[in-house]
Amino acid sequence: RKLAGEGVLLDQFYVNPVCSPTRASLVSGRATIHTGIYKPLGKHETDGLNTTCNRPGDVPCLLLPEVLKRAGYRTAMVGKWHVGFYDWNQVPQSRGFDFYTGYYSGAGDYFTHVSTDGGYDFQFMNEVDQDAKGLYSTEVFTERAIGVIQDHAKHHGDSPLYLYLAYQAMHNPYQAPQEWIDKQPTIEGDQKERRRTVAAMVEGMDDGIYNLTEALDAVGMTKDNTL
């Protein structure tokens, strides 16, 4: 409510009905016909965001984080990528982000981080992150995004920060910690267990965003920033 009341509401915009094309437009500033991604990327896809227009470092292919990086920003991403992972030229670390942790693929278990395409998918920079096993992704992403903010304030306070936080929620499969689900007893009727799970996922994400804004306030980064 505070973010909506004190921020800018997007009341006229367009999105795609699936995630990869929308994510591609968000980080590139380009319409879908210019990104090279027209559907969710599968495990055998070789295409990546804007790599169809030559190489990621070429000016026509630059993404928002690379443009901001050239303007003096520190850049970080936490969460779901899903716009290219066939080779190292397509992953966030090669597309303008100084720091990345999250997962490359489209969907997976929120706790085990095993992708629906098969295999464990949780990354920390260029390494597989085994420490995330068993941890709920919403909590992990919130904690690590807060860590980015705190580290930036401590070591890079003179530079602006671009932080792209892309939660796994609300993508299927619908999963949440049982204690979160138990906090939704008023939801009754058809498919109540599924609906309680979805409500718990939303509440967990909302709590994460609140904690993130509190972290920004704590280091004085909400006075002259866009969130």
Between D117 and S105, is a side-chain hydrogen bond (donor to acceptor under 3.5 Å, both in side chains) present by the stated rule, with each step listed? CA-CA 8 Å; D117 290 330; S105 58; 5.2 Å; no

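- Looking only at side-chain heavy atoms (C-beta outward), V18 and K39 stay at 4.5 Å or farther from each other.
- Aromatic ring orientation, F85 versus Y104: parallel (interplanar angle below 30°, classes split at 30° and 60°).
- To the nearest 0.5 angstrom, L41 atom CG is 4.5 Å from S20 atom OG.
- Closest approach of Q93 and N126 over heavy atoms only: NE2-OD1, 2.8 Å.
- Counting heavy atoms from C-beta outward, D98 and K69 have side chains that approach closer than 4.5 Å.
- Between V128 and Q123 the shortest side-chain heavy-atom distance falls below 4.5 Å.
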Derivation and outcome, side-chain hydrogen bond (donor to acceptor under 3.5 Å, both in side chains), residues S25 and N16: CA-CA 9 Å; S25 292; N16 288 278; 4.6 Å; no

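- For R144 and D129, the salt-bridge test passes: some basic side-chain N is under 4.0 Å from an acidic carboxylate O.
- Expressed to the nearest 0.5 Å, how far OH of Y103 lies from NE2 of H113 amounts to 10.0 Å.
- Shown here for V78 and F99, the closest heavy-atom pair between the two residues is CG2-CE2, 4.4 Å.
- At a cut-off of 3.5 Å, with distance as the only test, a side-chain donor of D217 or T222 sits close to an acceptor on the other residue.
- Aromatic ring pairs are classed by plane angle as parallel below 30°, tilted from 30° to 60° and perpendicular above 60°; the pair W81 and F97 is perpendicular.
- In terms of heavy-atom proximity, K80 sits nearest to G106 at NZ-O, 2.7 Å.
- R23 is listed as a side-chain neighbour of Y164, based on a closest heavy-atom distance under 4.5 Å.
- Using a 4.5 Å cut-off on side-chain heavy atoms (C-beta onward), Y73 and H156 make no contact.
- M77 has its side chain out of reach of P65: every pair of non-hydrogen atoms, C-beta onward, lies at least 4.5 Å apart.
- Taking CD from Q175 and CD1 from I181, the interatomic distance works out to 9.0 Å, rounded to the nearest 0.5 Å.
- In this structure the side chain of Y136 never reaches within 4.5 angstrom of the side chain of F141, judged on heavy atoms.
- Paired with Q184 under the rule side-chain hydrogen bond (donor to acceptor under 3.5 Å, both in side chains), one option of E203, R195, R196 passes, and it is E203.
- We find that R70 and E66 are joined by a salt bridge, their nearest charged nitrogen and carboxylate oxygen being less than 4.0 Å apart.
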